[in-house]
Amino acid sequence: MGEEVKENTINRDCSSVANTMGDANHTVDSDVKYYTLEEIKTHNTSKNTWLIIHDKVYDIRSFLEEHPGGEEVLLEQAGGDATESFEDVGHSTDAREMLIQYYIGELHMNDRKKESTTETLITTSGEGSSSWTTWLIPAVAAVVIGIMYRYYMLEHKSS
Ligand code: HEM
């Protein structure tokens, strides 16, 4: 009981923080609860099990015994980000749809990884430079061959 009251207070605090974050959230749905990583980490036992998958927070306490992959794997990830292990297994569409039942909120914006944005930037710039060299090397080669051919023809004519 006491814990529930505490959680509600934290949730309200978090969503008010999220509401003040402005453009980072685009339109902020006031019904969505935002949880900090610090709070999620405290839900790491078999009686109190939260997981993060793709920046969404799930309370999977009631699902532990039902999980076809066993409860151990879930408990290993409890209180943390299970996105990678969840994806590594290659869960079915059914498994993904099941997640909805356990959804309780979102990972706080400040605790989300920014890696994906960096990766995209690196990939984009990498692709850009590779397409540039793709046409430059054959173009230079064609010009050099053209000049060599011209010299060869001139020499051939004069002799
Ligand atoms: C709440 C999150 C999860 C849900 C709803 C879920 C659901 C399911 C379902 C329905 C299956 C049956 C196969 C399928 O339909 O894909 C399954 C299998 C499996 N899951 Fe999960 N899973 C969750 C999280 C995880 C995590 C975090 C891990 C790894 C750490 C994991 C590991 C496995 C493994 C290893 C199997 C294969 C079991 C087998 O084929 O013997 N699952 N899961």
Side-chain angles (χ1 to χ4, degrees), residues 1-139 141:
M1 267 299 243
E3 199 189 342
E4 225 173 85
V5 174
K6 191 174 137 232
E7 268 173 25
N8 284 340
T9 323
I10 293 167
N11 297 345
R12 213 179 311 122
D13 288 346
C14 290
S15 32
S16 66
V17 170
N19 278 330
T20 58
M21 282 179 69
D23 61 356
N25 290 303
H26 306 291
T27 46
V28 177
D29 187 346
S30 55
D31 291 341
V32 174
K33 287 179 179 168
Y34 287 86
Y35 298 96
T36 60
L37 199 55
E38 205 181 328
E39 195 201 345
I40 298 163
K41 275 182 190 166
T42 62
H43 300 265
N44 61 355
T45 65
S46 56
K47 289 200 176 89
N48 194 339
T49 324
W50 288 11
L51 277 188
I52 305 164
I53 298 175
H54 293 299
D55 295 333
K56 293 186 170 17
V57 185
Y58 301 96
D59 181 347
I60 53 153
R61 187 178 20 186
S62 58
F63 177 64
L64 288 177
E65 284 165 26
E66 291 172 34
H67 184 224
E71 63 181 299
E72 289 79 17
V73 286
L74 296 180
L75 288 170
E76 272 170 28
Q77 307 293 325
D81 195 330
T83 309
E84 215 178 303
S85 22
F86 182 81
E87 292 302 343
D88 283 351
V89 172
H91 281 93
S92 65
T93 317
D94 280 354
R96 285 163 203 279
E97 281 167 4
M98 285 172 79
L99 286 173
I100 302 162
Q101 306 166 44
Y102 308 103
Y103 175 83
I104 54 165
E106 302 279 328
L107 177 62
H108 198 283
M109 294 296 171
N110 293 351
D111 291 326
R112 294 187 182 197
K113 288 178 193 155
K114 279 137 195 123
E115 279 161 26
S116 53
T117 330
T118 324
E119 263 173 36
T120 319
L121 286 175
I122 292 167
T123 321
T124 317
S125 64
E127 268 173 19
S129 69
S130 75
S131 64
W132 184 74
T133 49
T134 313
W135 65 261
L136 187 71
I137 293 168

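First listed ligand is number 1; within each ligand, the first listed atom is number 1.
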Q | Test: Arg96 and Glu87 ion pair at under 4.0 Å | A | yes

Q. Is the Trp50 ring parallel, tilted or perpendicular to the His43 ring (thresholds 30°, 60°)?
A. parallel

Q. Can you list the steps and then say if His67 with Val73 is a side chain to side chain contact (heavy atoms under 4.5 Å, CB included)?
A. CA-CA 9 Å; His67 184 224; Val73 286; 3.6 Å; yes

Q: Return a yes/no value: protein heavy atom under 4.0 Å from atom 13 (C) of ligand 1?
A: no

Q. For ligand 1, is Phe63 a contact, meaning one of its heavy atoms is under 4.0 Å away?
A. yes

(Q) For atom 43 (N) of ligand 1, is there a protein heavy atom at a distance under 4.0 Å? (A) yes

Q | Parallel, tilted or perpendicular: rings of Phe63 and Tyr102 (30°, 60°) | A | tilted

Q: Check ligand 1 against Ser85 and write out every atom of the ligand that is under 4.0 Å from a heavy-atom position of the residue.
A: 29 (C), 30 (C)

(Q) For Leu74 and Thr49: C-alpha separation, side-chain torsions, deciding distance, then whether side chain to side chain contact (heavy atoms under 4.5 Å, CB included) applies. (A) CA-CA 9 Å; Leu74 296 180; Thr49 324; 5.6 Å; no

Q) Counting only heavy atoms on the protein side, is anything nearer than 4.0 Å to atom 39 (C) of ligand 1? A) no

Q. Taking only heavy atoms of Ile60, which atoms of ligand 1 are found under 4.0 Å from at least one of them?
A. 1 (C)

List the atom pairs, donor and acceptor, that lie under 3.5 Å between side-chain atoms in residues 75-82 and the rest of the protein, sequence neighbours left out.
from, atom 1, to, atom 2, distance (Å)
Gln77, OE1, Ser85, OG, 3.3
Gln77, NE2, Ser85, OG, 3.4
Asp81, OD1, Thr83, N, 2.9
Asp81, OD1, Thr83, OG1, 2.5

Q: Identify, for atom 16 (O) of ligand 1, the protein heavy atom at the shortest distance, and state residue, atom and that distance.
A: Ser92 N, 2.8 Å

Q. Which is closest to atom 2 (C) of ligand 1 by heavy-atom distance: Asp88, Thr83, Leu99?
A. Leu99

Q | Close-contact set for ligand 1 against Ala82 heavy atoms, below 4.0 Å | A | 27 (C)

Q.
I'd like to verify the contacts: list protein N, O or S atoms under a distance of 2.8 Å from atom 21 (Fe) of ligand 1.
A. His67 NE2, His91 NE2

